[in-house]
There are 2 protein chains.
Amino acid sequence: MGIFSKTCEYAMRSVFFIAHRTSDGKKVGIKEISLGIDSPEHFLAKILQSLSKQDIVKSAKGPNGGFYMDEANLKRPLADVVKAIDGRKIFTGCGLGLSYCSEINPCPLHNDFKIIREKITKMLEETSIENFNENLNLGITSLKK
Amino acid sequence: MGIFSKTCEYAMRSVFFIAHRTSDGKKVGIKEISLGIDSPEHFLAKILQSLSKQDIVKSAKGPNGGFYMDEANLKRPLADVVKAIDGRKIFTGCGLGLSYCSEINPCPLHNDFKIIREKITKMLEETSIENFNENLNLGITSLKK
DNA sequence: ATAATAAAAGATATTTTTATCTTTTATTAT
DNA sequence: ATAATAAAAGATAAAAATATCTTTTATTAT
């Protein structure tokens, strides 16, 4: 297990992929996405259904249909994707899993962990999907094998 | 899901608890530990068996038996507990779950994520169980509800 | 030696996550 | 209108994580 669930990893990869592939205004189908990000097709379908409902991505049925993103979607922070799939635990949860843990009643890891949580939050909240996508479009970063 | 698996959370909590409770040279039993850290008893037993095999904690069977830690155990970094249970993924893994991701072939999150991984690694490697335990002994931090 | 204690080990069960397969619905082009 | 397309939705399955219960082994005190 990494920082994010596997489901969330697929979600982020697919969002980057969709953003990358539809900058020309076209749409991209699930088969192509799952191939492009190396994920199981039907499992990804579920994930994208969820992301679509939560307005992280847009979708259209029928011929020439597929997934795409509008300007508002692209401007959303990556944090929204993470929250949509994994919830808020990574932003607020205690490192030891203690629900009562807080500033007044800190667990042994609390202070160190707080700094890490803040870094993660900052990284995910302060950068939009569009931002992350920039380097992808420039070929500096990659989703491929 | 947080940063660590639930199993790993129990492991860390139990290690802190054992360190805290056996500073007087005594041992502490599994029932008391599971009560003290609010974990399922038999599940924790499995975890402690594993930690014991990996020499993170010591154990003794029979009357007056239980779990304890020696000086060497206490001096180990918390990272050893995490590695023993969750493996090395959190220290080295890609945020998007891409196995090929590296400095030469970075994923979109790579550079931001690297910084976070380094912070986590630093926090877990550079502080011993004993260190974390200090504040616990002073009553500054807590494992209790 | 025997009984009591406590961890180790083994077996099984439950829950959650991840994955697959099938049917339905909406949309488009003919 | 009809057929083709592609996502949505529903049903089921497999794998992994978490949890529980029982039996065995080692140790201690009597």
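First the proteins, then the strands, lettered A, B, ... as listed; each starts at 1. These figures come from a predicted structure and were not determined experimentally.
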With hydrogens left out and only the distance checked, is there a donor-acceptor pair under 3.5 Å joining A:Q49's side chain and the base of D:dA9?
yes
Ignoring hydrogens and angles, answer whether the base of C:dT18 and the side-chain atoms of A:K6 contain a donor-acceptor pair closer than 3.5 Å.
no
Among [options], the one nearest [X] by side-chain distance:
X     : options               : value
B:H42 : C:dC21, D:dT20, C:dA7 : D:dT20
B:K46 : C:dA9, C:dT27, C:dA7  : C:dA9
B:T7  : D:dA7, D:dT18, C:dT5  : D:dT18

Under a 3.5 Å cut-off on both pairing distances, which runs of 3 or more consecutive Watson-Crick or G-U pairs involve DNA chain D?
C:1-30 with D:1-30
If you compare all heavy atoms of A:I18 against all heavy atoms of A:V28, which two are closest, and at what distance to 0.1 Å?
CG1-CG1, 4.1 Å
On a heavy-atom basis, the closest approach of A:F91 and A:K83 is CE1-CG, 3.6 Å
Between A:F67 and A:K27, is there a cation-pi geometry (under 6.0 Å to ring centre, at most 45° from the normal)?
no
Does the side chain of B:S128 come under 3.5 Å of the side chain of B:N131 through a donor N or O and an acceptor N or O?
yes
Over 60° means perpendicular and under 30° means parallel, so tell me whether B:F43 and B:Y10 are parallel, tilted or perpendicular.
perpendicular
DNA chain C: 5'-proximal contact among A:A60 and B:I30 (nearest heavy atom):
B:I30
Considering every strand and a 4.0 Å limit on heavy-atom distances, what is the contact class for B:K31: base, sugar-phosphate, or nothing?
nothing
Describe the nucleic acid contact of B:K53 in one word from base, sugar-phosphate, nothing, applying a heavy-atom distance below 4.0 Å.
sugar-phosphate
Given B:S50 and B:Q54, is the side-chain hydrogen bond (donor to acceptor under 3.5 Å, both in side chains) satisfied, shown in steps?
CA-CA 6 Å; B:S50 168; B:Q54 298 179 73; 3.0 Å; yes
Under 4.0 Å: is that the gap between some side-chain N or O of A:S52 and OP1 or OP2 of D:dA8?
yes
Spacing between A:F43 atom CZ and D:dA13 atom P, to the nearest angstrom
18 Å
For B:E9 and D:dA17, what is the distance between atoms CD and P respectively, to the nearest whole Å?
14 Å
Both B:P40 and B:P63 contact DNA chain D. Which one's nearest nucleotide lies toward the 5' end?
B:P40
